[in-house]
Amino acid sequence: MECAGRKGISPEPDTDPVIQIASVVQRQGETEPFIRTVFTLQSCASINGSQVLCFSQEAQLLQSWAEFVRTVDPDIITGYNVQNFDLPYLLNRAAVLKVDLFPYLGRVRGIRSVLRDSSFQSKQMGRRENKRINAEGRVHFDLFQVLLRNYKLRSYTLSAVSFHFLQEHKDTMQPFVITDLQSGNEQTRRRVAMLCLKDAWLPLRLLQKLMCVINYMEMARVTGVPLSYLLSRGQQVKVVSQLLRQAAKKGFVMPVVKMEGGEDYSGGTVIEPEKGYYNVPITILDFSSLYPSIMMAHNLCYTTLLKKGSAEKLGLSAEQFIKTPTGDYFVKSSVRKGLLPEILESLLSARTRAKAELKKETDPFKKQVLDGRQLALKMSANSVYGFTGAQVGKLPCLEISQSVTGFGRQMIEKTKQLVESKYTISNGYQADSKVIYGDTDSVMVKLGVSTVREAMEMGRGAAAWVSTYFTPPIKLEFEKVYYPYLLINKKRYAGLHYSSRPDTYDKMECKGIETVRRDNCPLVANLINSCLQKILINSDCGHPALSVPQGPPGAVEHAKEVISDLLCNRIDISQLVITKELTRNAQEYAGKQAHVELAERMRKRDAGSAPQLGDRVPYVIIQAAKGPPLI
DNA sequence: GGAACGTCCTAT
DNA sequence: TAAGATAGGACGTTCC
Ligand SMILES: Nc1ccn([C@H]2C[C@H](O)[C@@H](COP(=O)(O)OP(=O)(O)OP(=O)(O)O)O2)c(=O)n1
């Protein structure tokens, strides 16, 4: 939708007219849209391949578009931020113009579409305020919301997103230019219409390219929630839905439990890293789906938990139940199989299917998409564990979650000991092995071998051997080899990743370092990335014929060059843009922060265009705390 | 000037 | 069914 706003002020439905609405309609699975229509206020020259419908009255335009929606009768409505901007604007504008037949956009006749505020809040996703318009029988599937939930990007503007996924630069028009073109002639309005159609089609293309509908349908089926919940609700509703599905099969009902927000409980162990640069292969072993597999192996569930003393009361023998590291008791599956393990089996089998498809795929972009799908299913499985520990949730059970993390802590410790005790000189190996780092479910081992091939072979052997010490389906896997490996700190490292072949690395992998963080500027991320490349990739080939030094000296030189470019003003300002999320309202912050101050100043200038809760605020630092301006 | 704290964002 | 979990580094501000 385009409207004719006034310069410097964000558009208001009370005063600023809707001048165009473009709609592009496509059947899921087909590659081309079968309807391209633009509704324009005033005449508009024709556009090849599109239907142009001109109206002299804005009210007619709106009414006609609503009828169009009812006639086309779509299952899914998408767009870019249409949920929070376009549709509310249209609804409000229609009310101002008294277009009484407009707000019936659903499939059920006579149910009026109304605008509501809704807000979503969770620890991991922060707080977001959204609008919601009901359209019974249709699903609002706003691409913006999909991207916010599934992709961590520096910027979520349609133009940034379009460049990121399609490598296309989106044409944009300043709002006041649109207003000027509207008051021109049928040719200038055609320019607006062309853009409007393009902007309507773009989200559809992205939705298709990212396979959003397919992946979300799978998630909806696996977890048993409506498609719309996946964009408007959190993880809890998915777990509850699966719990109810399993419970119903067994004739159980779910109790209502209220719980005061209590103390946090302890989670996974992060092994103290032996920081440093390793120019030898480092083997990484990692439990596959650790927490879910713990819950399955030990049959941890609400329905298998024994309260203190009930083992005796029920006359259970010692082989019929287990004691967890936290001192809680659960019956074995021979007595009663838990619901959670069954849910996890089904989620993990969906993940296994997704991983199999991922393996078959050769197109790199589709591979990424399928990896996202696989990770979403892993997330759902881990959320089953998270759900039991969610103290502001519907059915918290810390006995389960604490037992899970307790087992996890024991397991990583045991794995470290096993590996270090077997791979020793006294057992006939080349060197005494050492676990140099590990996080929750993984150990990074220096086995003392010099080739990637050996590191892989020994890794596979070690993983299989350690696995025998644990109850299935718990399984330690050889995951990859890093060579070389730069271990900077807990949760911060980089290395060249070998897993498919021992002779060539697959990629450089960076964890936790600036290069993968969105809260610093691209200049820093790129600089550190190229320094790491010099350090890791060209570590020992400081070829004298090369004019550019590699390895650490090359990295230092490169950093100096970039700093001097920066001081000499040879860096484009776009490289200096930092973005940070606005996670709460200005007055709720305890300390001063640049992006918060900026957002507040913008709000005072024009509240409509200022960053909202949950938006990322882009800014450039132009002056040091003390001293002269930098630019 | 340094410890404590708040915030952001990531790893698992 | 409103809202998965904890661990932890880096950096800026506030407090003393
Ligand atoms: N979003 C996440 C990621 C992880 N974990 C916990 C549960 C996992 O079992 C454990 C290890 O996480 P990994 O990232 O290593 O992933 P998994 O072991 O679950 O899966 P994979 O098979 O990919 O290793 O950490 C979690 O609770 N929530």
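In the text below, chain A, chain B and the rest are named by the order of the sequence lines, each starting its count at 1.
Across all strands, A:S383 comes closer than 4.0 Å to base atoms (heavy-atom distances). In this structure, A:R409 reaches neither bases nor backbone, as no heavy-atom distance under 4.0 Å exists between it and the strands shown. At a threshold of 4.0 angstrom between heavy atoms, the contacts of A:R518 are confined to the sugar-phosphate backbone, with no base atom among them. Nucleic acid contact class of A:T583 (heavy atoms, under 4.0 Å, all strands): sugar-phosphate only. Residue A:V270 is in sugar-phosphate contact alone, with no base atom involved, counting any heavy-atom pair closer than 4.0 Å across all strands shown. Among the protein residues, A:K491 comes within range of the nucleic acid bases, having at least one heavy atom under 4.0 Å from a base atom. A:E581 comes within contact range of the sugar-phosphate backbone alone, with a heavy-atom separation under 4.0 Å but no base atom that close. Residue A:Y437 is classed as having no contact, given no heavy-atom separation below 4.0 Å to the nucleic acid. Residue contacts for A:R154: at a heavy-atom cut-off of 4.0 Å it reaches no nucleic acid atom on any strand shown. Within 4.0 Å (heavy atoms only), A:Y291 reaches no atom of the nucleic acid at all. Looking at heavy-atom distances under 4.0 Å, A:V256 makes no contact with the nucleic acid at all. Among the atoms of the strands shown, base atoms are found under 4.0 Å from some heavy atom of A:M379. Within 4.0 Å of A:S266, counting heavy atoms only, lie sugar-phosphate atoms of the nucleic acid but no base atom. Residue A:G267 is classed as a sugar-phosphate contact, given heavy-atom separations below 4.0 Å to backbone atoms only.
Between A:F141 and A:Y216, the two ring planes are perpendicular [angle over 60°; tilted spans 30° to 60°]. Between A:Y505 and A:Y498, the ring planes are perpendicular. Angles over 60° get that label, and only those under 30° would be called parallel.
Whole-Å rounding puts the A:K378 NZ to B:dA11 P distance at 11 Å. When rounded to the nearest whole Å, the span between CG of A:N520 and C1' of B:dT7 equals 15 Å. The distance between atom CD of A:E263 and atom P of C:dA7, rounded to the nearest whole Å, is 12 Å.
At C:dG8, none of the side-chain N or O atoms of A:N489 fall inside 4.0 Å of OP1 or OP2 (strictly under the cut-off). Between B:dC8 and A:Y589, a contact under 4.0 Å exists linking OP1 or OP2 to a side-chain N or O. Residue A:K152 has a polar side-chain atom (N or O) positioned under 4.0 Å from OP1 or OP2 of B:dT10. Phosphate proximity of C:dG12 to A:K592: absent, as no side-chain N or O sits under 4.0 Å from OP1 or OP2. Residue A:R616 places at least one side-chain N or O closer than 4.0 Å to OP1 or OP2 of B:dC9. Proximity of A:H595 to the phosphate of B:dC8: a side-chain N or O atom is located under 4.0 Å from OP1 or OP2. Between C:dG4 and A:K394, no contact under 4.0 Å exists linking OP1 or OP2 to a side-chain N or O. One finds no side-chain N or O of A:Y493 lying less than 4.0 angstrom from the OP1 or OP2 phosphate oxygen of C:dG8.
A donor-acceptor contact shorter than 3.5 Å is absent between the side chain of A:S346 and the backbone of A:E342.
Residues A:Y482 and A:L496 have side chains not in contact (no heavy-atom distance under 4.5 Å, counting atoms from C-beta outward). Between A:K238 and A:S380 there is a side-chain heavy-atom pair separated by less than 4.5 Å.
A ring-ring contact (aromatic ring centres under 6.0 Å, His included) with A:F287 is found for one member of A:Y469, A:F470, A:F407 and no other, namely A:F470. Considering A:K355, A:R353, A:R351 as possible partners of A:Q374, the one that fulfils the side chain to side chain donor-acceptor pair (under 3.5 Å) test is A:R351.
Among C:dG8, B:dT12, C:dG4, the nucleotide with an atom closest to any side-chain atom of A:A390 is C:dG4. For A:N382, the side-chain atoms get nearest to C:dG4 when compared with the rest of B:dT10, C:dT13, C:dG4. Relative to the side chain of A:R584, the nucleotides C:dG4, C:dT14, B:dT7 differ in distance, and B:dT7 lies closest. Of all nucleotides listed (C:dA3, C:dA5, B:dC9), B:dC9 comes nearest to the side chain of A:K580. Residue A:R492 places its side chain closer to C:dA10 than to any other of C:dA10, C:dA5, B:dC9.
One C1' atom belongs to C:dG4, the other to B:dT12, and the distance between them is 14 Å to the nearest Å.
If you find the closest nucleotide of DNA chain C to A:Q124 and to A:L244, the one lying nearer the 5' end belongs to A:L244.
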